[in-house]
2 protein chains.
Amino acid sequence: MRRIDAEIAAEGGKRSRSRAQIMEVFFRSGRHLTVDELTRKVRVRNRNIGSATVYRTLKLLSRLGYVKELDFGEGVKRYESSLTAHHDHLVCTECGKVSEFEEPRIESLQEEVAREHGFSPTMHRLAIYGVCGRCGPPATGKGEE
Amino acid sequence: MRRIDAEIAAEGGKRSRSRAQIMEVFFRSGRHLTVDELTRKVRVRNRNIGSATVYRTLKLLSRLGYVKELDFGEGVKRYESSLTAHHDHLVCTECGKVSEFEEPRIESLQEEVAREHGFSPTMHRLAIYGVCGRCGPPATGKGEE
DNA sequence: TTGAATATGAAATTCATTCTCATGATATAG
DNA sequence: CTATATCATGAGAATGAATTTCATATTCAA
Ligand SMILES: [Mn+2]
Ligand SMILES: [Mn+2]
Ligand SMILES: [Zn+2]
Ligand SMILES: [Zn+2]
C-alpha cells in the first residue's frame, strides 16, 4: 500500500492527504464502486474532497495497474482493485447485484479463438447478464404469477 | 424487411420516409457502425435527416429485436443487425478492426457458470481485445523495432 | 378531405467525465 | 526553517454522446 506512494514518487508525483484518503476508502470498500459511490464514502471522512480528485486518483491507480475499470453498460463506469485474481462478472438485470466467477476453460478458449484469428490478445471483457437467485424463480418449482 | 413496418404498425406506429431510408442504409451497410457513421451515410441519400432520428430509429429497432447495441468501451455505441447468428467480437486496439467469432464451447460454459451461481442468463457481452494480424508481429519471426 | 396521432429536425438538455485555473500542499536545496 | 519550484486540489466550466423538447410536418383511418 505504501508501494503505491513509492511508485508515484518515482514518477515525480507528490503525496497528498486527499489521495491517501481516497485510496484507503477505496481499497477497504466493496468492489464495483462508481465514482459517485466512492466520492460519497470519502466525503464522510473528509467533506472537502471533490469528485474531480476521485476521478484523477482512480485514473492514476488504473494507469499504475492497481485498479481496473469496469463497464457493465449502465452509462457509468465502475472500479475494482486489481490486486485480486482475474475474474469475470455476472450482473443481475433486476437488482444490479454483481457476482464474480473464474472459469479457466473459458479463458483458454479465448486464447485459442484469438490465435485462430491472428490476434494477440491483451485483455477481454466478459459479463453475463441475467436474473440472480433472489430476483428469479423461487428456488424449487415452476413459475407462478 | 416489410415485416418490421408491420410490427411497428401493430404497435400503433406510422411509417415514415426518413425511418425507411435509415433502415435501408443500415441493413445494407457493414456491421458495427456508430450513429455518426450511419448518419453520414444516410445523409448522402437525404441531406435533411438529423441524427436524432437515427438515434430514435436504432432504439426502436433495438427494442423490436432487429438491432443489437454494442459497446467496445470507446465512449460511443456501435450497432449491428441481429438478423445474423449470435457471435462475439475481437477488437484490435491498434487499428480498431473488429472481427467476429462463434465458439459454442464458450457459450455453453457461460450457461454452466451462470447456473452454478443461481443466475438465469439472458445475454452476455464478450469482447477480446488485442493486436490483429496486420498490426502485430509480421507473420513469421521475432519482433523488431 | 379531415383530423387525431405519430414522426421529424433543430436546438436545448442531461449526465458522466475531463479540463481549466487559481489556490493550496509538498518536497527539497540551502 | 524557509524559500521556491513543482505537483495536487476543488470548484466550476467545458466536452461530447445520447435524450428530450417543441413546433411543424407526415401518416392514415374514417
Ligand atoms: Mn469483480
Ligand atoms: Mn458483430
Ligand atoms: Zn437480482
Ligand atoms: Zn489492427
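These numbers come from the heavy atoms of this one structure, side chains and all, not from hydrogens, waters or symmetry mates. Note on naming: letters A, B, ... go to the chains in the order of the sequence lines (proteins, then strands), and numbering restarts at 1 for each one.
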Just N and O in the side chain of B/S16: are any of them under 4.0 Å from OP1 or OP2 of D/dT27? no

Report the distance from atom CD1 of A/I22 to atom P of D/dT9, rounded to the nearest whole Å. 7 Å

Distance in angstrom units between A/Q21 CD and D/dT9 C1', rounded: 12 Å

Of C/dA7, D/dG10, C/dT17, the nucleotide closest to the side chain of A/V35 is C/dT17

Which residue pairs pass the ring-ring contact (aromatic ring centres under 6.0 Å, His included) test when at least one of the two sits in residues 111-133 of chain B, sequence neighbours left out? B/H86-B/H124

Distance in angstrom units between A/N46 CG and D/dA11 P, rounded: 10 Å

Path from A/I128 to A/I106 over hydrophobic side-chain contacts below 4.5 Å: yes

Given DNA chain C, 5'-ward residue of the pair B/I49 and B/G12, judged by closest heavy atom: B/G12

Measure the distance from CZ on B/R40 to P on D/dA17 and round it to the nearest whole Å. 10 Å

Would you mind reading off the distance between A/E37 atom CD and C/dT17 atom P, rounded to a whole angstrom? 11 Å

Every protein N/O within reach of nucleotides 19-25 of chain D N/O, cut-off under 3.5 Å:
residue : atom : partner : partner atom : Å
D/dT21  : O4   : B/R56   : NH1          : 3.2

Between B/E37 and B/R78, does any side-chain N to carboxylate O distance fall below 4.0 Å? yes

Looking at CZ of B/R115 and CD of B/Q110, how far apart are the two atoms once the value is rounded to the nearest 0.5 Å? 12.0 Å

Whole-Å gap separating C1' (D/dA8) and CE (A/M23): 13 Å

What residue pairs, at least two apart or across chains, pass ring-ring contact (aromatic ring centres under 6.0 Å, His included) with a residue in residues 31-59 of chain B? B/H32-B/H89

If you look at every strand shown and take non-hydrogen atoms under 4.0 Å, does B/N48 touch a base, only sugar-phosphate, or nothing? sugar-phosphate

Crowded around B/R43 CZ? As in, over 12 foreign heavy atoms under 6.0 Å? yes

Indicate, with yes or no, if B/L90 and B/L33 share a hydrophobic cluster defined by side-chain heavy-atom contacts under 4.5 Å among Ile, Leu, Val, Met, Phe, Trp and Tyr. no

Spacing between A/R17 atom CZ and C/dA25 atom C1', to the nearest angstrom: 10 Å

Pairwise 5' ranking along DNA chain D for A/R47 and B/K14, keeping only the more 5' one: A/R47

Would you kindly compare B/G13 and B/G75 by the position of their nearest DNA chain D nucleotide and give the one closer to the 5′ end? B/G75

Minimum-distance nucleotide (side-chain atoms of A/R19 versus D/dA8, D/dG10, C/dA5): D/dA8

To the nearest angstrom, how far is A/D71 atom CG from D/dA17 atom C1'? 14 Å

Between B/S18 and C/dG9, does any side-chain N or O lie under 4.0 Å from OP1 or OP2? yes

